[in-house]
Amino acid sequence: MSKNLIEVEGLKKYFNVGKGKVLKAVDNINFTIREGETLGMVGESGCGKTTAGRTVLRLYEPTAGSVKYNGTDIYKLPPGKMKAMRRDMQMIFQDPYASLNPRFTVSDIIGEALDIHGMAGSRAERKKRIEELLDMVGLNHDHATRYPHEFSGGQRQRIGIARSLAVNPKFIVCDEPISALDVSIQAQVVNLLKELQDRLGLTYLFIAHDLSMVKHISDRVAVMYLGKMVELAESEELYANPIHPYTKSLLSAIPVPDPEVEANKKRIHLHDELGSPIYAAGEKTNDSDFELVEVSKGHFVAKQYA
Amino acid sequence: MMEPILQVKDLHVSFFVKGGEVQAVRGMNFEVGKGETVAIVGESGSGKSVTAQSIMRLIPTPPSRVKKGEIIFQGQNLLDKSMKQMETIRGKDIGMIFQDPMTSLNPTIKVGKQITEVLIKHQKMSAAEAKEQGIEMLKLVGIKNAEARFNQYPHEFSGGMRQRVMIAIALACRPALLIADEPTTALDVTIQAQIMEVMQDMQQKLGTSIILITHDLGVVAGMCDRVIVMYAGEVVETGTRWEIFKNPQHPYTKGLLRSMPRLDQKKGEPLIPIIGTPPDLIKPPVGCPFTARCSEAMHVCEQIDPGATEFSETHMARCWNLHSMAKEVQFV
Ligand SMILES: Nc1ncnc2c1ncn2[C@@H]1O[C@H](COP(=O)(O)OP(=O)(O)O)[C@@H](O)[C@H]1O
Ligand SMILES: Nc1ncnc2c1ncn2[C@@H]1O[C@H](COP(=O)(O)OP(=O)(O)O)[C@@H](O)[C@H]1O
Ligand code: SF4
Ligand SMILES: [Mg+2]
Ligand SMILES: [Mg+2]
């Protein structure tokens with residue numbers, strides 16, 4: 001088995017929301033991702049997925065905890081070394097349109113990523129690399145001179161992917177990369193991400209709320225709930241034997257494109273509205289309830305439900 | 001087919017823009033029966049919202065215009081109505097909910113007032129009656145503490161709860177038809193499932209006909225009676241949900257179904273995407289609009305629009321390969 005590329009321990013990211021309150025967006029989560037693996041992360045809006053992804057990449061400074069990349073604690077790196085490390089760790093965003101500068105051509109957008117890390121080389125090399133990246137994500141060379149608004153949603157996501165790949169990353173946080181896309185186009189992007197993973201040996205943290213797509217792309221899946229990780233297992237296992245009531249409720253809500261399945265489906269309701277991750281400053285959360293316990297090989301669930 | 005409450009006949013709608021005429025809807029034909037739920041499914045840009053907005057007479061004119069067709073609602077052509085008449089029909093007889101409830105809820109007015117306004121205007125209720133009915137509606141769509149929630153502003157509600165409020169407003173006057181345009185696209189799966197349940201429940205209680213618009217076929221398998229698959233401004237296939245999900249005929253419908261991951265799919269099995277993107281409707285293809293993306297396309301597809309082939313009283317698709325003379329046309 002391959003080694004752990006990412007090791008996250010006791011990670012917390014709290015936001016001060018004023019009036020003596022803190023929002024525990026990510027609260028003491030632990031996980032590892034093996035080299036070449038895809039770890040899926042699912043959970044309702046606001047449960048802390050984006051915050052977790054950004055904190056793992058140190059786009060946010062953590063409140064507590066450590067993230068090791070290849071054995072190195074990235075939070076201990078001085079700025080210069082962190083910048084070099086950023087090449088290895090990239091992010092793909094949900095909204096391809098909002099994340100692309102509308103005044104830049106595709107070539108500018110991809111080129112900028114190369115320039116930031118001093119990887120552009122000569123003009124000819126830069127152009128060649130941009131064309132190589134366009135090929136990689138299935139865009140034409142003559143797309144290089146066009147602007148983001150001239151592309152469809154799926155094509156824009158390809159531009160975002162090309163930009164992330166420009167610096168030869170090893171690890172990519174994909175933050176809902178397909179949520180804004182039509183179902184028919186989602187499959188194109190997911191296949192592309194898989195293909196690139198096989199070809200380039202990439203490791204993914206794949207954040208999404210579409211559980212059927214997450215199952216498809218992930219080796220293992222982590223379920224987040226109000227800033228906590230409540231369950232983690234191999235994807236087949238998680239979908240076959242969910243333990244945490246929240247996981248069960250999420251799975252039962254997946255719409256299945258088959259009237260027969262739908263007619264026999266039992267929805268599991270948890271509650272109408274989620275609780276809140278906002279606490280008074282200094283108030284302790286009961287960490288031990290949310291400690292993950294291994295109930296069968298590789299299947300972890302919050303202690304409360306173990 | 002049940003008695004139709006809505007008949008859309010040969011509807012053509014275009015946008016006249018700088019670059020030319022965008023033919024957003026190109027000859028839509030469909031019916032909605034009394035108490036029936038009909039799904040309109042298709043990719044972004046296929047003309048679903050323009051169809052819905054044309055029914056409601058809400059498309060911006062200019063730049064757009066209904067060029068041709070009839071929209072018969074309860075026996076009357078809505079295209080002949082004055083704007084004033086339409087205003088009454090919209091609040092009272094046809095309700096509508098959109099993807100983003102924040103765009104249709106007034107952020108400065110308490111939720112309760114937004115419901116009672118409709119009731120007072122269209123049902124001529126007194127303020128007290130309207131309040132009672134309004135609270136009743138909030139309860140009906142599953143909002144707890146309805147009395148207290150009645151006095152709150154939209155921003156005090158979560159996305160899913162706001163969508164419930166929209167449903168309550170849209171159904172307050174017990175309209176005969178509800179048009180829901182991607183009502184759950186922006187919501188989490190659990191909330192989406194709840195909203196679908198609320199709509200089904202309301203339909204059973206009130207007997208409303210529903211047009212449910214979505215780009216996600218998965219969402220409609222559980223609740224619609226019939227499905228209309230739209231592509232490039234046309235109906236390419238229509239059938240009962242059993243016909244569409246269990247026996248799809250058009251390559252586009254089959255492609256949509258294949259591109260979705262199935263929970264029973266084997267590990268490592270790649271998805272089968274639909275390649276490419278829909279055609280530009282400024283220059284819509286003369287033949288089958290799906291030609292450029294269709295793996296079964298033949299020479300004739302590009303040149304001549306395929307007519308309808310009927311498989312049952314309810315099941316129809318437009319594709320040359322399904323044509324009874326398919327073998328012969330291959331050699332045209
Ligand atoms: N910069 C921030 N300041 C304050 N609160 C934030 C910030 N970013 C996110 N949050 C809050 O943290 C919680 C988790 O948000 P997020 O990570 O975006 O969730 P998800 O990606 O799962 O939808 C939410 O309650 C959100 O409002
Ligand atoms: N304001 C507009 N100006 C020009 N074209 C428009 C406008 N609104 C919609 N269209 C065009 O009409 C077509 C159908 O749009 P729409 O009905 O919104 O699609 P859907 O709801 O199926 O995603 C699209 O090709 C779109 O580009
Ligand atoms: S008519 Fe031709 S191009 Fe169109 S869907 Fe059928 S086979 Fe494909
Ligand atoms: Mg997020
Ligand atoms: Mg639309």
Side-chain angles (χ1 to χ4, degrees), chain A residues 42-47 138 151-155 179-192 194-195 198 209-219 234-236 239-240 246 249-263 265 267-274, chain B residues 41-46 142-144 157-161 164 184-194 196-197 214-224 240-242 244-246 252 255-265 267-278 293:
Chain A
V42 298
E44 221 118 335
S45 304
C47 71
F151 294 90
S152 68
Q155 286 173 317
S179 302
L181 304 177
D182 260 25
V183 172
S184 57
I185 308 299
Q186 289 180 359
Q188 292 181 10
V189 174
V190 163
N191 282 356
L192 173 66
K194 273 227 142 181
E195 222 178 273
D198 293 344
H209 67 256
D210 178 334
L211 287 103
S212 38
M213 208 51 111
V214 169
K215 172 169 186 263
H216 176 80
I217 195 166
S218 308
D219 300 294
E234 300 247 323
S235 56
E236 305 278 337
Y239 285 71
Y246 181 64
S249 130
L250 266 186
L251 292 178
S252 77
I254 302 177
V256 180
D258 183 334
E260 211 169 320
V261 175
E262 284 289 333
K265 191 154 95 177
R267 280 268 295 122
I268 298 164
H269 294 273
L270 203 50
H271 37 50
D272 289 339
E273 296 215 55
L274 287 174
Chain B
V41 181
E43 269 161 295
S44 304
S46 56
I143 292 181
K144 301 224 171 75
F157 289 72
S158 66
M161 285 295 146
R164 288 178 193 240
T184 62
T185 300
L187 302 174
D188 281 314
V189 275
T190 47
I191 313 296
Q192 167 171 292
Q194 287 167 15
M196 289 297 170
E197 275 171 26
T214 174
H215 71 275
D216 186 351
L217 258 174
V219 171
V220 303
M223 80 168 274
C224 62
T240 65
R241 67 177 160 155
W242 297 94
I244 295 296
F245 287 98
K246 294 292 192 187
Y252 179 61
L256 280 179
L257 286 166
R258 265 200 308 259
S259 64
M260 285 190 272
R262 306 187 71 102
L263 286 172
D264 58 10
Q265 200 162 0
K267 196 92 221 142
E269 204 175 298
L271 300 170
I272 305 169
I274 300 176
I275 52 157
T277 46
R293 308 171 76 186

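What you are looking at is a predicted structure, and each value in this text was computed from that prediction instead of being measured. Lettering follows sequence order; numbering is per chain, from 1.
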### Task
From the options A/Gln186, A/Lys215, A/Met213, select the one residue that forms a side chain to side chain contact (heavy atoms under 4.5 Å, CB included) with B/Pro261.
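The passing option is A/Met213.
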
Is [X] in contact with chain A via its backbone, its side chain, both, or neither, using a 4.5 Å heavy-atom distance?
| X | result |
| --- | --- |
| B/Glu269 | backbone |
| B/Ile274 | both |
| B/Ser44 | both |

### Task
Name the option with the most non-hydrogen atom pairs under 4.5 Å to chain A; the candidates are B/Met196, B/Glu197, B/Gln192.
B/Glu197

### Query
Quick one: side chain to side chain contact (heavy atoms under 4.5 Å, CB included) partners of B/Asp188, sequence neighbours excluded?
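For B/Asp188, the residues satisfying side chain to side chain contact (heavy atoms under 4.5 Å, CB included) (neighbours in sequence not counted) are A/Glu44, A/Ser45, A/His209, B/Thr190, B/Ile191.
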
Using every non-hydrogen atom in the two residues, find where [X] and [Y] come nearest and quote the distance to one decimal.
| X | Y | result |
| --- | --- | --- |
| A/Pro257 | B/Phe245 | O-CD2, 3.2 Å |
| A/Val256 | B/Ala221 | O-CB, 3.4 Å |
| B/Ser259 | A/Ala187 | O-CB, 3.4 Å |
| B/Met260 | A/Val183 | CG-CG1, 3.3 Å |
| A/Ile185 | B/Glu43 | CD1-OE2, 3.8 Å |

### Message
Atom CD of residue position A/Glu234 - does it have more than 12 heavy atoms of other residues, nucleotides or ligands inside 6.0 Å?
### Response
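No.
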
#### Entry: For A/Lys194, side chain to side chain donor-acceptor pair (under 3.5 Å) partners two or more places apart
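A/Lys194 satisfies side chain to side chain donor-acceptor pair (under 3.5 Å) with no residue once adjacent residues are dropped.
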
### Message
Checking A/Ile254 against B/Val189 for the side-chain contact (heavy atoms from CB on, under 4.5 Å) test, could you report, in this order, the C-alpha distance in whole Å, the side-chain angles of both residues, the deciding distance, and whether it holds?
### Response
CA-CA 6 Å; A/Ile254 302 177; B/Val189 275; 5.6 Å; no

Counting heavy-atom pairs under 4.5 Å with chain B, which one of [options] comes out on top?
| options | result |
| --- | --- |
| A/Gln155, A/Glu262, A/His216, A/Glu195 | A/His216 |
| A/Gly153, A/Pro255, A/Pro259 | A/Pro259 |
| A/Ala263, A/Ser184, A/Ser212 | A/Ser184 |

Where on [X] is there a heavy atom nearer than 4.5 Å to chain B: the side chain, the backbone, both, or neither?
| X | result |
| --- | --- |
| A/Ser179 | neither |
| A/Leu181 | backbone |
| A/Asn191 | side chain |

### Task
State, yes or no, whether a side-chain contact exists between B/Lys246 and A/Asp258 at a heavy-atom distance under 4.5 Å.
yes

